[in-house]
> 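Below you will find the structure I want to go over with you.
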Amino acid sequence: MSKIKLFRPVVTLRCSYSSTDQTLLLSEFTRLCYQRDLPRAMKAMDSLQSHGLWADSATYSELIKCCISNRAVHEGNLICRHLYFNGHRPMMFLVNVLINMYVKFNLLNDAHQLFDQMPQRNVISWTTMISAYSKCKIHQKALELLVLMLRDNVRPNVYTYSSVLRSCNGMSDVRMLHCGIIKEGLESDVFVRSALIDVFAKLGEPEDALSVFDEMVTGDAIVWNSIIGGFAQNSRSDVALELFKRMKRAGFIAEQATLTSVLRACTGLALLELGMQAHVHIVKYDQDLILNNALVDMYCKCGSLEDALRVFNQMKERDVITWSTMISGLAQNGYSQEALKLFERMKSSGTKPNYITIVGVLFACSHAGLLEDGWYYFRSMKKLYGIDPVREHYGCMIDLLGKAGKLDDAVKLLNEMECEPDAVTWRTLLGACRVQRNMVLAEYAAKKVIALDPEDAGTYTLLSNIYANSQKWDSVEEIRTRMRDRGIKKEPGCSWIEVNKQIHAFIIGDNSHPQIVEVSKKLNQLIHRLTGIGYVPETNFVLQDLEGEQMEDSLRHHSEKLALAFGLMTLPIEKVIRIRKNLRICGDCHVFCKLASKLEIRSIVIRDPIRYHHFQDGKCSCGDYW
């Protein structure tokens, strides 16, 4: 848009109206403005201008509001020109309204032009412009305006600070503003504190956010939402959930944004019981699409597909996120055929797939060995849906080809990638090499991963595992020496289980759990009983040079076995035993859990970083293909 010409040459106007006529004209214009009759009000304004008349500021304010609500940019420009016609200067209040109008029209240059020509500016003038630049993510401009505002001896208010805080790109900016807030005595304001909490969280400083929150005398729903969301977005789901509990005890009603954050926290920690509690509060927002999508995701990632499907089937509105979440959830939980059937339903519904949907579809193929289906969806995604393959799609196909024993095809596809393979892609190939025991290609892939991610302990460990499975203990020791020399430590296996809304962690070799003696006793009893029905420890999964009973003893104390024993001790028989672990389940533990599910007549769900294993009656949902 061209710049607004605010001033015109002075014109001598002749008014043939009497004072009574002028009063009637002004009265009619005022009436039309307050009635929001924009076309007739604009005609009446032309009559005012032709006779050198102007109404009061409040009337023009109503007319400008009418323009904003109707997105009437042209009419807004005409009003601005009228107000500056023939040297007339509107009051500061009205100029602020005009600036706000241009901000609402997203015409920041026009707004700033008016702002620059103001002979005097108040806190509203400055704050309107600062807020506009902050919302448009022109952060440096917002910060510069604050400095100019202070130099102009205009004191910022709570709205100024709450706007400019969200433009901070570094902690130095935040510290400076925080000092200014304290100096102005505004630190107790709810909007300022909420903005402070948000910016600390955004910059990865959740502890500072909590410090600001804890300094408050009284809470507020806005601030509770900010602090809970701040910890959820910083992968601190445990703290987010503790804060949610505090919020409920304080008597605050959780709103949609808070509940969405809580659901994401439950999803991250696989806390089904707490997630179900949050679901109770969501009932009043029954048809909220964002909340329902978060619910479906939470139930899928907690391994409760029945609940996920129940929510999904009850939804009156579904978008591409809904469908994609359910498709991926089915695939990750081992129900690949059901995932592909749901994809067909999605297409029939008229919802267009996006790239995430196709990732879920290819994931389903890769985790069920559906090679022909995978190739079909991969080769047709561009033609049918206009989706270009990205790393995630290539990764699924490389995984699918590798598991099917077609390593040459996997390498060929990797070399044909339109985007440069990253560490994750090479790591996928490395995992396939482990399954196929191809040490030559594994070494090559491992070197590629380490070149891209030198601190990746998992790659060193996986390569060490491949050597161990081939009994190449000298090579295993060489890898471990390199890890020690570089200060790289293997992440210890850890498993978590939720019992009575409390999380219990088990780590191999760690005896800190208060019931570890009873747990070990229960585990030994279970192993003895399983041995009686044919369980033999698969010692090829021991990743160090041990012999005989030492090998078996190492397998005996894998973290998921300890968590399983604890679940059998503490959970009633009708409860599903749900375990989350940080490393992929090994083959021995997989066999162990299948047999335990049959012997104990229990449903067991184990979620590892890649997928979910549902054990029941001696079988696993993965079909032993993982």
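Index from 1, following the sequence.
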> Say whether, by atom type as modelled, one donor and one acceptor occur between the side chain of Tyr355 and the main chain of Val390 under 3.5 angstrom.
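Flag not set: sc Tyr355 to bb Val390 has no pair under 3.5 Å.
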> Any ion pair linking Asp409 and Lys412 (charged N to carboxylate O, less than 4.0 Å)?
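No.
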> Around atom OH of Tyr444, are there more than 12 heavy atoms of other residues, nucleotides or ligands at under 6.0 Å?
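Open.
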> Take His112 and Tyr102 through the ring-ring contact (aromatic ring centres under 6.0 Å, His included) test and state the conclusion after the steps.
CA-CA 9 Å; His112 208 135; Tyr102 283 118; over 10 Å; no
> Take Leu595 and Leu599, measure what side-chain contact (heavy atoms from CB on, under 4.5 Å) needs, and give me the verdict at the end.
CA-CA 6 Å; Leu595 292 172; Leu599 181 68; over 6 Å; no
> Does a donor on one side chain sit under 3.5 Å from an acceptor on the other, for Tyr460 and Arg486?
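Yes, a side-chain donor-acceptor pair sits under 3.5 Å.
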> Do Phe363 and Gln332 come close enough that some side-chain heavy atom pair is under 4.5 Å?
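Answer yes - side chains close enough.
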> For the side chain of Ser324 and the backbone of Ile321, is there at least one donor-acceptor N/O pair under 3.5 Å apart?
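Such a contact is absent between Ser324 side chain and Ile321 backbone.
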> For the pair Arg427 and Asp453, find out whether any cationic side-chain nitrogen is under 4.0 Å from an anionic carboxylate oxygen.
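Asp453 and Arg427: salt-bridged.
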> Drop me the distance from Cys622's SG to Asp624's CG, to the nearest 0.5 angstrom.
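If I round to the nearest 0.5 Å, the distance is 5.5 Å.
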> So is Lys561 actually on top of Phe592's ring, under 6.0 Å and inside 45° of the axis?
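Geometry flag: set, cation within 6.0 Å and 45°.
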> Considering non-hydrogen atoms only, spot the tightest contact between Cys266 and Met298 and give its length.
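Heavy atoms of Cys266 and Met298 come nearest at CB-CG, 4.1 Å.
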> Testing the 3.5 Å rule here: is there a donor-acceptor pair between the side chains of His558 and Asp588?
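Note: His558 and Asp588 side chains miss the donor-acceptor criterion.
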> Compare all side-chain heavy atoms of Arg318 with those of Met326 and state whether any distance is below 4.5 angstrom.
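In short, these two side chains do not touch, never coming nearer than 4.5 Å.
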> Would a distance-only check, ignoring hydrogens and angles, find a side-chain to backbone donor-acceptor pair under 3.5 Å from Asn70 to Ala72?
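Pair absent, no side-chain N/O of Asn70 close to backbone of Ala72.
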> What is the distance from atom CD of Gln314 to atom CG of Leu295, rounded to the nearest 0.5 Å?
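With rounding to 0.5 Å, CD (Gln314) is 10.5 Å from CG (Leu295).
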> Using only heavy-atom distances, determine whether the side chains of Ser603 and Gln616 contain a donor-acceptor pair under 3.5 Å.
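Distance-only check passes for Ser603 and Gln616.
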> Under 4.5 Å between any side-chain heavy atoms of Phe506 and Ile497, yes or no?
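Yes, side chains in contact.
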> To the nearest 0.5 Å, how far apart are CG in Leu289 and CD in Gln256?
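Between atom CG of Leu289 and atom CD of Gln256 there are 11.5 Å.
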> Cut-off 3.5 Å, side chains only: do Asp110 and Asn77 have a donor facing an acceptor?
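Side-chain D/A pair, Asp110 to Asn77: absent.
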> Report yes or no: does Asp297 contribute a side-chain atom to a donor-acceptor pair with the main-chain N or O of Asn293 at less than 3.5 Å?
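Checked: no pair found.
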> Spell out, as yes or no, whether a donor-acceptor pair under 3.5 Å connects the side chain of Ser621 to the backbone of Gly334.
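A pair under 3.5 Å: no.
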> So, does Arg580 use its side chain to make a donor-acceptor pair with the main chain of Ser495 at under 3.5 Å?
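Pair absent, no side-chain N/O of Arg580 close to backbone of Ser495.
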> Strictly below 4.0 Å, N to O, side chains only: are Lys245 and Glu242 in salt-bridge contact?
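Judged by the 4.0 Å cut-off on N to carboxylate O distance, Lys245 and Glu242 do form a salt bridge.
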> Which atom names give the shortest non-hydrogen contact between Tyr612 and Gly303, and what distance separates them?
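Smallest interatomic distance, heavy atoms only, reads CE2-N, 4.1 Å.
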> Report the C-alpha separation of Tyr394 and Phe378 in whole Å, then their side-chain angles, then the decisive distance to 0.1 Å, and conclude whether the ring-ring contact (aromatic ring centres under 6.0 Å, His included) test is met.
CA-CA 8 Å; Tyr394 283 106; Phe378 182 77; 5.3 Å; yes
> Hey, are Tyr467 and Glu443 close enough side-chain-wise for a donor-acceptor pair under 3.5 Å?
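Tyr467 and Glu443 do have a side-chain donor-acceptor pair below 3.5 Å.
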> CG of Asn109: more than 12 outside heavy atoms within 6.0 angstrom?
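Counting neighbours around CG of Asn109, 12 or fewer heavy atoms of other residues, nucleotides or ligands fall under 6.0 Å, so no.
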> Without swapping roles, check the side chain of Thr428 against the backbone of Val424 for a donor-acceptor pair under 3.5 Å.
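Side chain of Thr428 to backbone of Val424, a donor-acceptor pair under 3.5 Å: yes, one is there.
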> Report, as yes or no, whether the 6.0 Å neighbourhood of atom NZ on Lys347 holds more than 12 heavy atoms from other residues, nucleotides or ligands.
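Enclosed.
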> Okay, side chain of Ser328, backbone of Thr325: is any donor-acceptor separation there less than 3.5 Å?
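Here the side-chain-to-backbone pair does not exist.
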> Please test Trp323 against Phe312 for ring-ring contact (aromatic ring centres under 6.0 Å, His included), starting from the C-alpha separation and ending with a verdict.
CA-CA 9 Å; Trp323 289 98; Phe312 177 85; 5.2 Å; yes
> Evaluate whether atom CD of Glu372 has more than 12 neighbouring non-hydrogen atoms of other residues, nucleotides or ligands under 6.0 angstrom away.
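Result for CD/Glu372: open.
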> Within a reach of under 6.0 Å around NZ of Lys403, are more than 12 heavy atoms found that belong to other residues, nucleotides or ligands?
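Above 12, so yes.
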> Using a 6.0 Å cut-off, check whether atom CD1 of Ile503 has over 12 heavy atoms from anything other than its own residue.
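For Ile503, atom CD1 is crowded (more than 12 foreign heavy atoms under 6.0 Å).
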> Quick one, Cys396 and Val361 - any side-chain contact, counting heavy atoms below 4.5 Å?
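Cys396 does not reach Val361 side chain to side chain.
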> Count the heavy atoms belonging to other residues, nucleotides or ligands that lie under 6.0 Å from CG of Asp388, then report whether that count exceeds 12.
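Correct, the count exceeds 12.
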